[in-house]
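Reckoned from all heavy atoms, side chains included, excluding hydrogens, waters and symmetry mates. Chain letters run A, B, ... following the sequence lines, proteins first and then strands; every chain starts at 1.
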Amino acid sequence: MEYNPNEFEKKWRSFWEENEIYKVTNDFSKPKYYVLDMFPYPSGSGLHVGHPLGYVASDIFSRRKRMQGFNVLHPMGYDAFGLPAEQYAITIGVHPAKSTNDNIKKYRNQLDNLAFSYDWSRQVNTSDPAYYKWTQWIFIQLYNHYYDQAADKAMPIENLKAIFEKEGSKGAKAANSLDEDFTAAEWNAMSEKDQMSVLMNYRLVYRKAGMVNWCQELGTVLANDEVVNGVSERGGYPVTKKTILQWSLRTTAYAERLLNGLDNVDWSDALKTQQRNWIGRSEGASVFFKIKDHEANIEVFTTRPDTIFGATYMVLAPEHDLISKITTAAQKEEIAAYLAYVKSRSDVDRMSEVKKVTGAFTGAYAINPITNTAIPIWTAEYVLAGYGTGAIMAVPSDDDRDKAFAEHFNLPIIDVVDKTDYPGATLSDKVGKMINSDYLNGMEVKEAIEKMNSIIEEKGLGKCKINYKLRDANYSRQRYWGEPIPITYDEEGKDQPLAWNDLPLELPEMADYKPGNSTDSPLARNTEWVNSFAQGQLETDTMPGFAGSSWYFLRYMDPDNPNEFASEEALKYWESVDLYIGGAEHAVGHLMYSRMWHKFLFDIGKVPTDEPFKKLVNQGMIQGVIEYLYMKTEKTNGYSHFLCAGLAKKMEIPSDQIAQIPIHVDMVQDYGSAQSYLNIESIQKFIEWRPEYKDAIFECPNGTFHKGNFTPQNGATDSSLRTESVVGKMSKRYFNVINPDRVIEQYGSDCLRMYEMFLGPLEAAKPWDTQGIEGVYKFLKRFWSLFYTNEKFTVSDEEPTKAEYKVLHTAIKKVNTDVDRLAFNTGVSAFMVCTNDLKKMKCNKRAILAPLLTLLSPFAPHIADELWNQLGHSTSIALEAYPEFDPTYLVEDSITYPVSINGKKRATIDCAPDLPKEEIEKMALEVEQIQKWLEGKTVRKIIVVPKRMVNIVVG
RNA sequence: GCGGGUGUGGUGAAAUUGGUAGACACGCUAGACUUAGGAUCUAGUGCCGCGAGGCUUGGGGGUUCGAGUCCCUCCACCCGCACCA
């Protein structure tokens, strides 16, 4: 019988499901291991061959751990809320709840085909009220807590009230977004409403005025990715900034702990660095500058207080509150014009035109607190409202942007750091000797910074401060498809969370869920729902996509618990994720928010660990080959004109006269190879697919195809139109997506799994090679044939030879170490080597094949169970113990030493493993080929590395 | 610009601690069995050279008996962040 996966793969998948082979119990007697995949957002287009890469890897890892006696939690779920789901639903005109469910079914089916050992009874769906009840519960917990910087943890907001009553705001060291301090007396005199607004500025989720992308023409708020080049993606209408009240997550309170926590997790350096950069910690000083003829102060943050003698002007961000207050009458017009200009520019403009220097003078002057000189106050878009204090002291001598600005507007420049001792140092390097700086003169920069910091603190001009790039996350979406925020507002506007037993606050069914005609969410139109609680009107914004994904891995531990998000016992047992595999695109989003939520839950005693993911691995992307047709940008006689890629290169047509048109890879002959081409039939197919090119000219080296006719040249009868093959993203827009279902139809699920692993290192990006899968398929056929002689299942009970045992145990050892280090590609090759060796030995002995089958089962579970069954077993091989490596089988009878002369290999010798060094040296020198190299030379030294090599140094 | 990563045959790649570079595959070449082969099997396949031999892990330099691996330097490509005070 031939290996025919289609005959048995489905059968085993049903067997596993019916017998609940992968069911995970909270059996606390076994050691636990938690392997997590980043759960997918179930998009309408389903999985492509790249998605399951990480899933296959984690599945192999989990299956092996399970066979090694661990209780392995390896669950899967769906990140079902969010903008893409809503957009997809709007596009196809189906309610998101329905389209999401349809997509989930599609995904489930595709995932099942890949034979993942998930315990589906633990499935999580973020859009399920039973799940988001707890997302809302955590939201309320965040709402009810503030960050106490003295205790360095979250504390109940009630504590804060008590402090305010006795000591006012100064009594608390708490993360907040409040500008002014207040005394106990002031607090006690406040109305309840005012107290609530004050407290709002301390909560870990809080409401503040925030900017949204507002599109007047569409009459709606747009997400960042719906804005392209400053205009709406749909329709291309202008988008402006609008300020509305929005919920925010106080991630910044955890900045330091998020940074320090990275030292204790096993993540790649690349990923840790990305998070560190995102947090962007910088030490400096915040300094207050008085404004001439005004009450107000300008607070700036600087990492270079040493350069304050060189501060010749100040810049406020265009959004800064003070601009309107301090602008002089004479400058009003200019400032207004500038602010209008800035407003017209999108974030993308501002980012892409970094080099452009723009700005305007307010007419006002600030007093440098150290030199007491008056310096002009400008506004310019190069200062960002969201970073630091939104204001800077500009030191043109030591900052590139300040310098460019000063030069452009003719502002004075005072050199304050002499860098002559540091050739090659750039402006921003913190080195050099201070000059033109009064009492700092002669100091090294480092020393000067310390000195200045102490002066600033002593004189009360400001204080040392640590600043973070990290910003509080916007937590409101003016959209339908998300978790409703469980907060109400009474007639006075006082906010209040819902009571526990009012949760979940369900998202109401709405026929019209499209974004509305105002900055309000669609939910605002459902007045019945908004007014469904006596305590006040419901918040109508919903939570963002990353809310549900910030804690889903905890719910898997105890997915059906109606009383808690997970029981204490379950949390204590499963603790945290041991291995997390997922895409690198979540490096700073999901992975940062999850960590923050986890730290918060840890603070309030709900989870046992401070970090959620011990080890994290990013799988690389599987790329596709994009096939391009070359088309001349200018039409020929009014016809589109395609060229053979080879021809275009030969003719050396400049690249601006050639357009590359991606073509569906199914139409290309020899797809993916350097010789990929279209024949006349494929050109016909292309024209049918893209009728706009039905009259196009296709010019090949041996003729021209036009309007259904091929006109040969030089007597040729046929010709081919070469396409250009480029490795790139696998994506719908390049028509090069490989659907795993089709691969499985052709080669089977085991083959797809093993091939994905065989392609290359898990973490590397690598192209999918349609032909390469044949190699793995051949291997499976060969492996199968070990069990078959003359088309009959034949396995011998004879005792294996030493050599056969050696082959088996070499594989056991190699596969084990490879899976341990997630090197699945070399693991697969170990199976190939082993199979090739056994095939050569014609080994069909049970004592070899049975353990080999268990070894293979995590990689290829179907073939393993099929052959296991044929070996006479009635249960799944997944329940067997993993084979253990026995080193006694690997003891060598003799060792082959390479013998090198001056590091170049010239011969090999075989010696007994325990032969003393002197004997090995003697043997090596006696070899004929070596003798030849020693002629006329002196042996200076012989190096013998036991069990490795011999090197003879001559001269 | 800053940060991170990667450069090894025609291709995907391997080499766990400095110790036989190119395992395992794809592709290619030749052969066998075949009416046929996109099936299977066998052999070969880094480059140059008839050969002895020489060269070879992006380029250059260094440490070492010995370097893909360590150090310095330059180059190319990929990814992330991007006016961060």
Side-chain angles (χ1 to χ4, degrees), chain A residues 2 268-274 276-278 280 282 284 300-304 307 315 317 350-357 380-384 386-395 398-402 404-405 426 428 467-471 584-585 587-588 618 620-621 672-674 727 755 758-761 763-776 778-779 781-782 785 814 817-818 820-821 823 825-833 835-836 896-908 932 940-945 947-955:
Chain A
E2 279 264 297
S268 72
D269 283 339
L271 195 58
K272 285 189 187 182
T273 321
Q274 257 189 76
R276 287 194 185 108
N277 289 349
W278 192 258
S282 58
V300 301
F301 175 75
T302 175
T303 56
R304 298 296 304 272
T307 61
V315 185
R350 278 176 80 164
M351 281 187 283
S352 56
E353 295 178 70
V354 169
K355 297 259 142 57
K356 198 166 157 186
V357 179
E381 58 179 341
Y382 83 91
V383 173
L384 306 175
Y387 185 73
T389 60
I392 60 156
M393 65 172 207
V395 183
D398 278 272
D399 180 284
D400 290 305
R401 289 147 309 157
D402 294 348
F405 192 84
T426 61
S428 51
N467 199 43
Y468 301 92
K469 223 174 358 183
L470 184 75
R471 286 185 237 166
E585 66 274 20
V588 285
N618 288 129
M621 221 189 340
S673 77
V727 171
Y755 183 52
F758 186 64
L759 268 177
E763 286 155 278
K766 56 243 158 187
W768 179 267
D769 175 4
T770 321
Q771 282 171 315
I773 194 167
E774 293 284 347
V776 174
K778 271 187 214 161
F779 154 74
K781 269 203 244 186
R782 253 163 186 272
S785 75
K814 177 79 177 138
T817 48
D818 283 350
D820 277 337
R821 61 194 184 102
N825 53 333
T826 50
V828 174
S829 90
F831 282 115
M832 291 174 168
V833 171
T835 304
N836 290 346
T896 306
Y897 280 94
V899 182
S900 303
I901 306 287
N902 290 342
K904 267 270 171 234
K905 188 190 126 192
R906 298 297 175 189
T908 55
K932 199 173 76 183
R940 303 213 181 269
K941 200 172 171 186
I942 303 178
I943 291 135
V944 177
V945 182
K947 300 199 163 102
R948 282 287 184 190
M949 45 67 70
V950 179
N951 189 19
I952 303 171
V953 185
V954 299

Length of the [atom1]-[atom2] vector between [X] and [N], whole Å:
X	N	atom1	atom2	value
D400(A)	G1(B)	CG	C1'	9 Å
K469(A)	G3(B)	NZ	P	12 Å
Y387(A)	C84(B)	OH	C1'	4 Å
K905(A)	A67(B)	NZ	C1'	18 Å
R471(A)	C84(B)	CZ	C1'	9 Å
L271(A)	C81(B)	CG	P	12 Å
N467(A)	A85(B)	CG	C1'	9 Å
R401(A)	C83(B)	CZ	C1'	6 Å

Could you work out the separation of [N] and [M] based on their [atom1] atoms and round it to a whole Å?
N	M	atom1	result
A39(B)	G27(B)	P	9 Å
U17(B)	G3(B)	C1'	30 Å
U63(B)	C71(B)	P	15 Å
U69(B)	G60(B)	P	13 Å
U8(B)	U56(B)	C1'	10 Å
G7(B)	G12(B)	P	12 Å
A15(B)	G4(B)	P	25 Å
C41(B)	A21(B)	P	31 Å

Tell me whether [X] contacts the main-chain N or O of [Y] through its side chain, where contact means a donor paired with an acceptor under 3.5 Å.
X	Y	answer
Y755(A)	D769(A)	yes
N951(A)	G903(A)	yes
K781(A)	E2(A)	no

Run the salt bridge (charged side-chain N to carboxylate O under 4.0 Å, His left out) test against [X] and tell me which residues pass, sequence neighbours left out.
X	result
R821(A)	D818(A)
R276(A)	D263(A)
D402(A)	none
D820(A)	R64(A)

**OP:** Establish, with yes or no, whether the OP1 or OP2 oxygen of G80(B) is under 4.0 angstrom from a side-chain nitrogen or oxygen of N618(A).
**Re:** no
Partner set under ring pair (Phe, Tyr, Trp, His ring centres under 6.0 Å) for [X], not counting sequence neighbours:
X	answer
Y897(A)	none
Y387(A)	none
F831(A)	F859(A)

Original post:
Quick one: on RNA chain B, does I773(A) or V950(A) contact a more 5' nucleotide (nearest heavy atom)?
Top reply: V950(A)
Subject >> 5′-ward residue of the pair K904(A)/Y468(A) relative to RNA chain B >> reply: K904(A)
Nucleotides 62-66 of chain B: which of its N/O atoms have a protein N/O under 3.5 Å away?
{"residue": "C65(B)", "atom": "O2'", "partner": "N951(A)", "partner atom": "ND2", "Å": "3.2"}
{"residue": "C65(B)", "atom": "O2", "partner": "N951(A)", "partner atom": "ND2", "Å": "2.6"}

When rounded to the nearest 0.5 angstrom, what is the spacing between [atom1] in [X] and [atom2] in [Y]?
X	Y	atom1	atom2	value
K932(A)	R906(A)	NZ	CZ	8.5 Å
S268(A)	Q274(A)	OG	CD	8.0 Å
L384(A)	K469(A)	CG	NZ	11.0 Å

Subject >> Runs of at least three consecutive pairs that involve RNA chain B, where pairs are Watson-Crick or G-U with distances under 3.5 Å >> reply: B:1-7 with B:75-81, B:10-12 with B:24-26, B:27-32 with B:40-45, B:46-48 with B:53-55, B:58-62 with B:70-74
Original post:
Got a sec, which residues hit side chain to side chain contact (heavy atoms under 4.5 Å, CB included) with V954(A), two or more places apart in sequence or on another chain?
Top reply: I901(A), N902(A), L934(A), K937(A), V939(A), I952(A)
Original post:
Just checking V945(A): base, sugar-phosphate only, or nothing, at a heavy-atom cut-off of under 4.0 Å?
Top reply: base
Subject >> Sugar-phosphate, base or nothing in reach of D402(A), heavy atoms under 4.0 Å >> reply: nothing
Original post:
Out of C84(B), U20(B), A85(B), which has the shortest distance to the side chain of P898(A)?
Top reply: U20(B)
Original post:
In terms of side-chain heavy atoms of N277(A), which of C84(B), G3(B), G54(B) is nearest?
Top reply: G3(B)
Subject >> Nearest heavy atoms of S829(A) and F758(A), plus distance in Å >> reply: CB-CE1, 4.2 Å
Original post:
For G49(B), is chi within 90° of 0 (syn) or not (anti)?
Top reply: anti
**OP:** For each nucleotide in nucleotides 37-52 of chain B, reading 5' to 3', give B when a protein heavy atom comes within less than 4.0 Å of its base, S when such contact involves only the sugar-phosphate, and - otherwise.
**Re:** --SSS-----------
Original post:
When every nucleotide of nucleotides 5-17 of chain B is labelled 5' to 3' by its protein contacts under 4.0 Å (heavy atoms), B for base, S for sugar-phosphate only, - for none, what sequence of letters results?
Top reply: -------BSSSBB
Original post:
Tell me, do I392(A) and Y382(A) make a side-chain contact under 4.5 Å, heavy atoms counted?
Top reply: yes
